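Reviewing the structure listed below.
No experiment lies behind these values; they were computed from the predicted model shown. Values below: all heavy atoms of this structure, side chains included; hydrogens, waters and symmetry mates excluded.
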Amino acid sequence: MLSLRAPEAPALPRERTFLPEVQALRALAVLLVVAYHLWPNRLTGGYVGVDVFFVISGFLITSHLRREVERTGTLSLRAFYARRARRLLPAALLVLLVTALASGLLLPVSRWAATAGDVLASTFYVQNWALAGRAVDYSASQDAASVVQHYWSLSVEEQFYAVWPLLVLFLAWLAGRTRSGRSLLLPGIAVVTVGSLAWSVYWTATEPAAAYFQTPTRVWELGVGAVLALALTGGRLATWLRAGTAVPLVLRWAGFAAITVAAVALSSSSPFPGYLALLPVLGTAAVIAAGDTGPRDPSSRLVSFAPTQFVGDVSYAVYLWHWPLIVLAPFALARPLTTVDKIAVLAASLVLAWSTRQLVEQPALRWRRLRRPLVVGVSTVAAMALVAGVAGWQYHRVAMAEADARDALAAAQDDPCFGAGSLAPGATGCGDVYGPPASLTLTDDDQPWFIDPACRLTEGGRSETDLDVTTCRFGSEPPTRRVALVGDSHAEHWRGAVHEVARRQNWELVEILRGACPVTEARVLAFQGADTDTDGCARWGGEVTDWLTSHDVDAVVTSSFTTAFTFEGADSLEAGVRGFQATWSTWLEAGLEVDVLRDVPTTGLPHVPECLQAHPGDPLACSRPRAEAVVPDAATLAVERAPAPGLDLVDLTDRFCDETTCYTAIGGAVVYWDANHLTAQYSRSLAPFLLEELV
């Protein structure tokens, strides 16, 4: 048996088994998260509630593990994992099951596959890694919010629970081998915590979107709670805190203040977690370290207030229920949530949470049969299989819907009136040009960033350079021209049309594309209001120009999501104009022809296919006035203000809009894949009009 017994220490009050301040922290944490999700522009940093939960979990779990090791000299891993499963899985899997079923009834077909995948990832507690992978994939940046994406934090905790007792057991064994008693437990966990913090700071600065979800960048937050749990046990810190000084009172108030400041001052653009997470993490640790500050402390009344303790008791279930309600309610109501709706969602979350605690969580903890690890394991596998089966059923429904969609589109695309063809001069008999599309279901074939078998990576690769150069070869040798398609994702979504032009004209096409990066000498400060890789975009743009001016290229076709960028300068629009003009002048001086595709009209919608699916008989409900959808942009103004031989503006706005309105369904085709990218089906239908402009 391993022993971690320490030398006798000064007598301390008996260790408390119920910590009202921890329940109050749970209540604060869940209310911050829910308020942030309901009113993100009001409480911009409310997401730090998750960090509060992490510290609490690290503190409580490590306290439990420490007590068991001190009592028995070892750990029962089977018993530990069984207790965690009884405590966490019944409610979590119930919410997943209900959410999966409700999503199939309420969400549009376009969301089924993604929802099924996220339900599976959440069921097996890898949702954080799924979101981290999507966070570094620009093509997924326009995805609608997942109905179970909040399970990412539960995934982090479950992964922590899977590894942490093994670490404690190893440190206990090592301490026994070195006869160091308990002394290795605190230093060992402290080393892991500091290492994770260092990695979090580095990775947040390098890949901030992915760092937010990854377990290694979050372990230190649970580790801080673990270090606190060990430091408060029979040592000088505990004696000092309980010595009748004002320190506990100061710690509690400072801790609550730190959490509040973080919730108010931080925002979605803050580099987080990184060093900024120290504010809510250390604040939470301070409140826990303060312990019971006594009846003279005014905060004690709020901490022990019955509603505070109630919310703390049901906080786990509130966290589980609130996000699916927020995502699904607009689809059930067929409108955005009003303030009254949001208050109703909060109330419903509390009612469902209380019911879940009474009918699911507590019975699962009390049921004697579930105290046997084997029974817990079998029950867990069965419950996970049930949820996974529902997700599989959703995948089957998606496959059937996509098969029907492909058949419908195959028939429609043979019609000369399909898509933009219905707007061709002299087009007759095209029926309702702006009527319902041939299919409301989009398939992978409709993605703007489809992979064409004629294209292959010929230069670059992220491990060597920022620049990836892909070559597409169409027709017979030799090619008539070598043309480069260059820009961000709003150049990429023209591939359907450009590839068709290349086939007809026997071109060799070179593609140099990078999401959220326009090719311009203007410095990009933000993309759609959020911080972006400013240095990386500038470096990439310079490499693009160097490549184009040093290789055998006849012409460049370029476009970008210009209205989404904020450029460095007193006037962002004017700075963008000057930046594009400078870049194109360099290309023209190198003998290149430059065709600038005017960006597509803006939709003002979060997700066009979902709008069309919500109004299947009235696609005009998803249209937008032309005066709002077509606005001055830097690239267009750059061409219009400085015309030059070889520089042409290709403006196909009339293939999206009439004199008054811009549409999202034209000639039976869905125009947009998400909020602002073209579908491949509509892009291809624009090929004849693009050919007329380019040739």
Side-chain angles (χ1 to χ4, degrees), residues 108-110 334 400-448 450 493-501 503-504 598 600-605 607-630 650-693:
V109 179
S110 61
M400 293 181 62
E402 288 188 347
D404 292 341
R406 287 190 179 96
D407 291 342
L409 285 175
Q413 287 174 341
D414 291 336
D415 187 341
C417 289
F418 180 76
S422 62
L423 304 176
T428 58
C430 290
D432 187 0
V433 173
Y434 304 116
S439 174
L440 288 171
T441 301
L442 296 178
T443 71
D444 288 344
D445 296 337
D446 294 312
Q447 293 187 71
F450 64 94
H493 69 189
W494 286 99
R495 295 179 86 210
V498 174
H499 282 207
E500 185 58 33
V501 171
R503 287 187 181 93
R504 297 185 187 185
R598 181 168 188 169
V600 297
T602 60
T603 68
L605 296 170
H607 201 269
V608 169
E610 288 182 4
C611 180
L612 293 172
Q613 289 163 1
H615 304 87
D618 184 20
L620 296 182
C622 305
S623 61
R624 194 180 195 193
R626 180 166 179 152
E628 297 176 9
V630 182
V650 178
D651 188 352
L652 298 183
T653 302
D654 289 344
R655 308 306 170 190
F656 298 85
C657 316
D658 59 21
E659 292 180 355
T660 61
T661 307
C662 295
Y663 302 92
T664 54
I666 299 174
V670 178
V671 177
Y672 296 91
W673 169 261
D674 45 32
N676 52 70
H677 295 97
L678 297 180
T679 59
Q681 60 178 255
Y682 195 73
S683 182
R684 291 188 183 101
S685 74
L686 289 165
F689 307 101
L690 183 61
L691 176 63
E692 184 179 350
E693 296 288 336

The criterion is side chain to side chain donor-acceptor pair (under 3.5 Å); which residues satisfy it with [X], sequence neighbours excluded?
| X | answer |
| --- | --- |
| D445 | R406 |
| T653 | D651 |
| H493 | none |

Quiz item: Does the side chain of H615 pick up a donor-acceptor pair with the side chain of D618 at under 3.5 Å?
Solution: no
Quiz item: Is the number of heavy atoms from other residues, nucleotides or ligands within 6.0 Å of CD (E692) greater than 12?
Solution: no
Using a 4.5 Å cut-off on heavy atoms from C-beta on, say whether the side chain of [Y] contacts that of [X].
| X | Y | answer |
| --- | --- | --- |
| I666 | Y434 | yes |
| V600 | L678 | yes |
| T664 | P619 | no |
| L620 | Y663 | yes |

At their closest point, which heavy atom of [X] faces which heavy atom of [Y], and how far apart are they?
| X | Y | answer |
| --- | --- | --- |
| A405 | T443 | CB-CG2, 4.1 Å |
| Q613 | V109 | OE1-N, 3.6 Å |
| F418 | A669 | CZ-CB, 3.5 Å |
| A675 | T603 | O-OG1, 2.7 Å |
| L690 | A497 | CD2-CB, 3.8 Å |
| E402 | D444 | OE2-N, 4.5 Å |

To the nearest 0.5 Å, what is the distance between [atom1] ([X]) and [atom2] ([Y])?
| X | Y | atom1 | atom2 | answer |
| --- | --- | --- | --- | --- |
| C430 | L423 | SG | CG | 8.5 Å |
| S683 | H677 | OG | NE2 | 12.0 Å |
| L605 | R624 | CG | CZ | 8.0 Å |
| S439 | L612 | OG | CG | 11.0 Å |

Quiz item: Taking the side chain from T679 and the backbone from V670, do they hold a donor-acceptor pair closer than 3.5 Å?
Solution: yes
Quiz prompt | Sequence-distant partners of E500, salt bridge (charged side-chain N to carboxylate O under 4.0 Å, His left out), two or more places apart | solution = R503, R504
Quiz item: Listed by chain and number, what are the salt bridge (charged side-chain N to carboxylate O under 4.0 Å, His left out) partners of R626, not counting sequence neighbours?
Solution: D654
Quiz prompt | side-chain contact (heavy atoms from CB on, under 4.5 Å) assessment of V630 paired with C662 | solution = CA-CA 8 Å; V630 182; C662 295; 3.9 Å; yes
Self-check item: Set of side-chain contact (heavy atoms from CB on, under 4.5 Å) partners for A420, sequence neighbours left out
Solution: Y682, S685, L686, F689
